[in-house]
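This structure is in structure tokens; I'll ask about it shortly.
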Amino acid sequence: IASMIFGAIAAIGQNNLKRLIAYSSIGHIGYALAGLSVGTNEGIQSSIVYISIYLVMNLGLFSCLLMMKRNDQYFETIDDLSGLSKNHPILSLSLLVILFSLAGIPPLAGFFAKFYIFKSVIEQSMYFLAIVGLLSTVIAAFYYLRIIKVIYFDEEREKYDTDHNVWLKISLTLSTLLILLYFIFPSKLVEIVSRINII
């Protein structure tokens with residue numbers, strides 16, 4: 001509960017994207033711990049699924065940050081994303097998908113990650129934990145949507161470099177596609193994880 005609340009609230013005032021990701025990570029670990037707190041195989045499996053999806057989302061997000069480079073200088077504040085969609089539409093679209101997924105918007109992978117956690121928590125009648133989780137999700141959605149607003153509606157800035165490392169492009173493309181198309185095969189990851197019997 002403390003991780004979810006602190007992570008969500010502390011990230012609101014951040015302008016540096018790396019610090020924002022760090023604080024939001026605390027909140028995301030809170031969701032994973034919620035699955036563990038259930039004390040059942042299903043809860044632990046939902047935590048493993050959550051962390052797996054979260055890793056893919058973070059890989060995509062950091063790939064985007066590493067592409068925000070100009071004259072060998074990296075930029076990492078929310079203001080540096082201002083009007084990004086005008087000059088870098090594909091990068092902006094990837095960021096849109098990743099941020100919506102982190103916020104838990106269906107039908108993206110992040111929605112399913114949180115759905116499995118809340119399902120296992122509610123099945124054990126831990127309603128207070130579920131309510132806190134939902135409230136922190138709403139708070140977190142605020143700063144993710146704020147970033148999207150900056151990308152698509154604020155005044156554009158100078159264009160970033162486009163000669164990115166090929167592996168950086170591959171990691172962003174794969175992570176974005178996995179997040180975007182996860183709803184087509186949501187049971188596959190669950191089936192793999194369900195073979196793990198811890199308790």
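Keep in mind that what you see is a predicted model, and the values were worked out from it rather than measured.
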Main-chain N/O of I98 paired with S101 side-chain donor or acceptor, under 3.5 Å = no

ask   = Once you round to the nearest 0.5 Å, how far does CD1 of I78 lie from CD1 of I151?
value = 9.5 Å

inquiry  = Show the nearest heavy-atom pair for residues L129 and S37, with the distance to one decimal.
reply    =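 The answer is CD2-OG, 3.5 Å.
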
request  = Report the C-alpha distance between S25 and Y54 in whole Å, list the side-chain angles of each, state the deciding distance to 0.1 Å, and finish with yes or no for side chain to side chain contact (heavy atoms under 4.5 Å, CB included).
outcome  = CA-CA 9 Å; S25 295; Y54 179 68; 2.6 Å; yes

task = Rounded to the nearest 0.5 Å, what's the gap from OG1 on T176 to CE on M57? Could you check?
result =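 T176 OG1 to M57 CE: 12.0 Å, rounded to 0.5 Å.
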
ask   = For L135, does the CG atom have more than 12 heavy-atom neighbours from other residues, nucleotides or ligands under 6.0 Å away?
value =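 Atom CG in L135 is crowded, with more than 12 foreign heavy atoms closer than 6.0 Å.
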
inquiry  = Using side-chain heavy atoms (C-beta onward) and a distance below 4.5 Å, is V193 in contact with I44?
reply    =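 V193 vs I44: side chains apart.
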
key: Parallel, tilted or perpendicular: ring planes of Y116 versus F112, cut at 30 and 60 degrees   = tilted

ask   = If only atom types and distance count, is the side chain of K86 paired as donor or acceptor with the main-chain N or O of Y152 below 3.5 Å?
value =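 Present.
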
ask   = Does the N58 side chain pair with the main chain of L55, one donor and one acceptor, at a distance under 3.5 Å?
value = no

query = To the nearest 0.5 Å, how far apart are OG in S52 and CG in L189?
reply = 5.5 Å

task = Please indicate whether K18 has more than 12 foreign heavy atoms, meaning atoms of other residues, nucleotides or ligands, lying under 6.0 Å from its NZ.
result =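 Not more than 12 within 6.0 Å, no.
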
key: Test log, rule side chain to side chain contact (heavy atoms under 4.5 Å, CB included), inputs I105 and F111   = CA-CA 5 Å; I105 306 295; F111 165 76; over 6 Å; no

request  = Locate the shortest heavy-atom distance separating Y50 from I117; write the atom from each residue and the value.
outcome  =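 Shortest heavy-atom contact: CD1-CG1, 3.8 Å.
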
key: Verify same cluster id: I184, L108 (apolar side-chain graph, 4.5 Å)   = yes

request  = Applying ring-ring contact (aromatic ring centres under 6.0 Å, His included), name anything that partners F75, two or more places apart in sequence or on another chain.
outcome  = Y160

message = Tell me whether N87 contacts the main-chain N or O of E156 through its side chain, where contact means a donor paired with an acceptor under 3.5 Å.
response =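 It does not hold such a pair.
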
key: Test item: L102 and H28 side chains (from C-beta on) under 4.5 Å apart, heavy atoms   = yes

key: Any side-chain donor near an acceptor of the partner, D80 and T77, under 3.5 Å   =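 T77 and D80 do have a side-chain donor-acceptor pair below 3.5 Å.
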
message = Please determine whether residues L177 and L93 belong to a single hydrophobic cluster, defined as Ile, Leu, Val, Met, Phe, Trp and Tyr linked transitively by side-chain heavy-atom distances below 4.5 Å.
response = yes

key: Connected via hydrophobic side-chain network under 4.5 Å: F183 and L180   =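 Shared cluster, yes.
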
inquiry  = Quick one, I147 and L95 - any side-chain contact, counting heavy atoms below 4.5 Å?
reply    = no

message = Between R70 and K159 (side chain of the first, backbone of the second, donor and acceptor by atom type, cut-off under 3.5 Å), is there such a pair?
response = yes

query = What about Y144 and F100, are their ring centers closer than 6.0 Å?
reply =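 Between F100 and Y144, which both carry aromatic rings, the centre distance is not below 6.0 Å.
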
message = Can you give me the closest heavy-atom contact between R146 and L20, atom names plus distance?
response = NH2-CD1, 4.4 Å

ask   = Ignoring hydrogens and geometry, is there a side-chain-to-backbone donor-acceptor pair from S92 to S85 under 3.5 Å?
value = yes

ask   = Heavy-atom distance under 4.5 Å between the side chains of N15 and D79, does that happen here?
value = yes

inquiry  = Do L59 and L174 have side chains that approach each other closer than 4.5 Å (heavy atoms only, starting at C-beta)?
reply    =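 Side chain of L59 against side chain of L174, heavy atoms only: no contact under 4.5 Å found.
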
key: Verify same cluster id: L36, I122 (apolar side-chain graph, 4.5 Å)   =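 Hydrophobic grouping puts L36 apart from I122.
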
ask   = When hydrophobic residues are tied together by side-chain contacts of less than 4.5 Å, even through go-betweens, does L134 share a cluster with I1?
value =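 L134 and I1: one cluster.
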
ask   = If we only count heavy atoms from C-beta on, is the M68 to H88 side-chain gap below 4.5 Å?
value =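 No, their side chains stay 4.5 Å or more apart.
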
message = For the CD atom of E123 and the OG atom of S46, what is their distance to the nearest 0.5 Å?
response = 9.5 Å

query = Could you state the interatomic distance from NZ (K69) to CG (D163), rounded to the nearest 0.5 Å?
reply = 6.5 Å

query = Should side-chain heavy atoms under 4.5 Å link Ile, Leu, Val, Met, Phe, Trp and Tyr, which residues sit in the same cluster as I26?
reply =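 Besides I26, the cluster holds F6, Y23.
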
request  = Measure the shortest side-chain to side-chain distance between L81 and L17 over non-hydrogen atoms and say whether it is less than 4.5 angstrom.
outcome  = yes

request  = Report the C-alpha distance between C64 and L91 in whole Å, list the side-chain angles of each, state the deciding distance to 0.1 Å, and finish with yes or no for side chain to side chain contact (heavy atoms under 4.5 Å, CB included).
outcome  = CA-CA 7 Å; C64 289; L91 178 60; 3.8 Å; yes

task = For the pair F118 and Y31, name the ring-plane relationship: parallel under 30°, tilted 30 to 60°, perpendicular over 60°.
result =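 Correct class here is perpendicular.
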
key: Taking every non-hydrogen atom, the tightest pair across G133 and T137   = O-OG1, 2.8 Å

message = Checking E42 against K119 for the side chain to side chain contact (heavy atoms under 4.5 Å, CB included) test, could you report, in this order, the C-alpha distance in whole Å, the side-chain angles of both residues, the deciding distance, and whether it holds?
response = CA-CA 9 Å; E42 290 73 18; K119 180 173 174 286; over 6 Å; no

ask   = Hey, does F142 have a side-chain heavy atom less than 4.5 Å from the side chain of I12?
value = yes

request  = Assess whether atom CD of E155 is packed by more than 12 heavy atoms of other residues, nucleotides or ligands within 6.0 Å.
outcome  =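 Atom CD in E155 is not crowded, with 12 or fewer foreign heavy atoms closer than 6.0 Å.
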
query = Got a second to check how far L84's CG is from R157's CZ, nearest 0.5 Å?
reply =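 So the CG of L84 and the CZ of R157 are separated by 11.0 Å.
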
query = If you look at every heavy atom in S175 and G60, which pair is closest and at what distance?
reply =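 Heavy-atom minimum between the residues: OG-CA, 3.2 Å.
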
ask   = Are the side chain of D161 and the backbone N or O of N71 linked by a donor-acceptor pair below 3.5 Å?
value = yes

query = Looking only at heavy atoms, which two atoms of G30 and S3 are closest? And how far apart?
reply = CA-CB, 3.6 Å

